[in-house]
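Below you'll find the structure, written out as structure tokens, and then a few comments.
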2 protein chains.
Amino acid sequence: MTEKDIFVDYLKQQGLKFTKQREEILNFFLKEEKHLSPEEMFDILRKKRLPLKIGRATVYRTLKLLSECGLAEKVDFGDGLNRKVITLFEHKFAHPHHDHLICLSCGKSFEFSNPEIEKLQENVARGHQFKVAYHRLKIYGYCKKCQSTKK
Amino acid sequence: MTEKDIFVDYLKQQGLKFTKQREEILNFFLKEEKHLSPEEMFDILRKKRLPLKIGRATVYRTLKLLSECGLAEKVDFGDGLNRKVITLFEHKFAHPHHDHLICLSCGKSFEFSNPEIEKLQENVARGHQFKVAYHRLKIYGYCKKCQSTKK
DNA sequence: ATTGATATTGAGATTTAATCTCAATAATAA
DNA sequence: TTATTATTGAGATTAAATCTCAATATCAAT
């Protein structure tokens, strides 16, 4: 069951069509290892001068579909203070859940997962009779590199 | 040391002026117990038909100042998925740090704090040689009320 | 392969929160 | 009172994301 199969199946199941644009965007997303924003993806796909044109709206629409079928995950890497929105898409297929350390200096993010924290979150929610759907934990600060270079 | 003192002192220390608009916005912010967005505050302050006009930019600018001096805290209550930005300002003066449970149905938020989680976060950061500035933990789901009414 | 029903597309308009610009005005210290 | 300098509000601008809609592509059924 490849990522493409998952996408195609999802589309069929929803009565949607597997178009050239959607395939192109899927492939591009899959082979990029860096986290990219929709705007960056749009720019790059445009510069490629493919035989087919890909519009901004199609990029956004397709990323939404990829998220719906579990291949991608939208993550906001803004610093939570300045309303600078930094939306990036991560690979989700065969990538277990994780949270992020986000460097306020270079913007890089570092993944981590901690089952103990997750368990405590469950306890907190239970105490409030709150039914958890998902969570986001972001730790902002300065990465190792930026601590040393920042004289 | 009242909130007003803190604000006035901060302004003086920064070489800024304590204006009627800033005083009005401070007072309004302090007496509101509900979390309000800058736009809501702007609308309400406008409807008040005060002897002085208050512009949108002044509301935003003043909220930034209140955050800088530790009286307010900007929190993004968007669901982290749909890029609906919901920026609200909380009281921070004499309000200890806390995180949030956010209801995806009614939008209400519930505060909690958990020292154990915080401690584990410190451990995670230490493991990455990451210097923590602050963090945000948001647990999204459905509150007690919305679970029962949602048939 | 052809057809027909329907989903998709891209260009450009629109939305929305937030910020910026700038000339007029207000606050402060001397 | 005055001079200096910060502040103000109106409206323009920004930027990410979404929407509109006529033209087009997809795909199942023939």
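Just so it is clear, the structure is predicted and the values come from calculations on it, not from any experiment. A, B, ... follow the sequence lines: proteins, then strands. Residue 1 opens every chain.
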Exercise for the section: Using whole Å, report how far CG of B:L11 lies from P of D:dT5. Expected result: 19 Å

Practice task
Give the ring-plane orientation class for B:H35 versus B:F77, where under 30° counts as parallel, over 60° as perpendicular and anything between as tilted.
Solution key: parallel

Measure all distances between protein nitrogen or oxygen atoms and nitrogen or oxygen atoms of nucleotides 10-13 of chain D, and list the pairs falling under 3.5 Å.
residue	atom	partner	partner atom	Å
D:dA10	OP1	B:K53	NZ	2.9
D:dA10	OP2	B:R46	NH2	2.4

With a cut-off of 3.5 Å and sequence neighbours excluded, list every side-chain donor-acceptor pair involving residues 11-23 of chain B.
residue	atom	partner	partner atom	Å
B:T19	OG1	B:R22	N	3.2
B:R22	NH1	B:K17	O	2.7
B:E23	OE2	B:K4	NZ	3.1

Problem - Donor-acceptor pair, side chain of B:E90 and main chain of B:E73, under 3.5 angstrom - result: no

Problem - Spacing of B:I25 atom CD1 relative to D:dT7 atom P, expressed in whole Å - result: 12 Å

Handout entry: Co-membership, hydrophobic cluster, residues A:I139 and A:V75, 4.5 Å side-chain
Key = no

Fill in the blank from the handout: Residues passing the salt bridge (Lys or Arg N to Asp or Glu O under 4.0 Å) test with A:E32, sequence neighbours excluded, are none

Exercise for the section: May I ask you to verify if any side-chain N or O of B:S37 is less than 4.0 angstrom from the OP1 or OP2 atom of C:dA17? Expected result: no

Practice task
Rounded off to whole Å, could you give me the CD-to-C1' distance for the A:E40 and D:dA15 pair?
Solution key: 14 Å

Practice task
For D:dG9, take OP1 and OP2 only and decide whether either is under 4.0 Å from a side-chain N or O of B:Q21.
Solution key: yes

Completion exercise
Contacts of B:H128 meeting ring pair (Phe, Tyr, Trp, His ring centres under 6.0 Å) (sequence neighbours excluded), chain-then-number -> none

Exercise for the section: Please confirm whether the backbone N or O of B:L71 pairs with a side-chain atom of B:H95, one donor and one acceptor, at under 3.5 Å? Expected result: no

Problem - Spacing of B:F89 atom CZ relative to C:dA17 atom P, expressed in whole Å - result: 14 Å

Handout entry: Rounded interatomic separation in angstrom, taking CD from A:E39 and P from D:dT14
Key = 15 Å

Exercise for the section: Take atom CZ of A:F7 and atom P of D:dT26, then tell me their distance rounded to the nearest Å. Expected result: 14 Å

Problem - Phosphate-side-chain proximity, A:K20 and D:dT26, N/O vs OP1/OP2 below 4.0 Å - result: yes

Exercise for the section: Rounded off to whole Å, could you give me the CG-to-P distance for the A:D9 and D:dC27 pair? Expected result: 13 Å

Exercise for the section: Determine the interplanar angle of the A:H97 and A:H135 rings, folded into 0 to 90°, and report it as parallel if under 30°, tilted if 30 to 60°, perpendicular if over 60°. Expected result: perpendicular

Practice task
Report yes if a side-chain nitrogen or oxygen of A:R22 is closer than 4.0 Å to either non-bridging phosphate oxygen (OP1 or OP2) of D:dA25; otherwise report no.
Solution key: no

Practice task
Give a yes/no on whether any side-chain N or O of B:Y60 is located under 4.0 angstrom from OP1 or OP2 of C:dT19.
Solution key: no

Tabulate protein N/O versus nucleotide N/O from nucleotides 28-30 of chain C, keeping only pairs under 3.5 Å, one per line.
residue	atom	partner	partner atom	Å
C:dT28	OP1	B:F18	N	3.1

Handout entry: Whole-Å distance separating the CG atom of A:L36 from the C1' atom of D:dA16
Key = 16 Å

Practice task
Select from A:T62 and B:I86 the residue whose nearest nucleotide in DNA chain C is closer to the 5' end of that strand.
Solution key: A:T62

Completion exercise
Hits for salt bridge (Lys or Arg N to Asp or Glu O under 4.0 Å) against B:K138, two or more places apart or cross-chain, chain-then-number order -> none

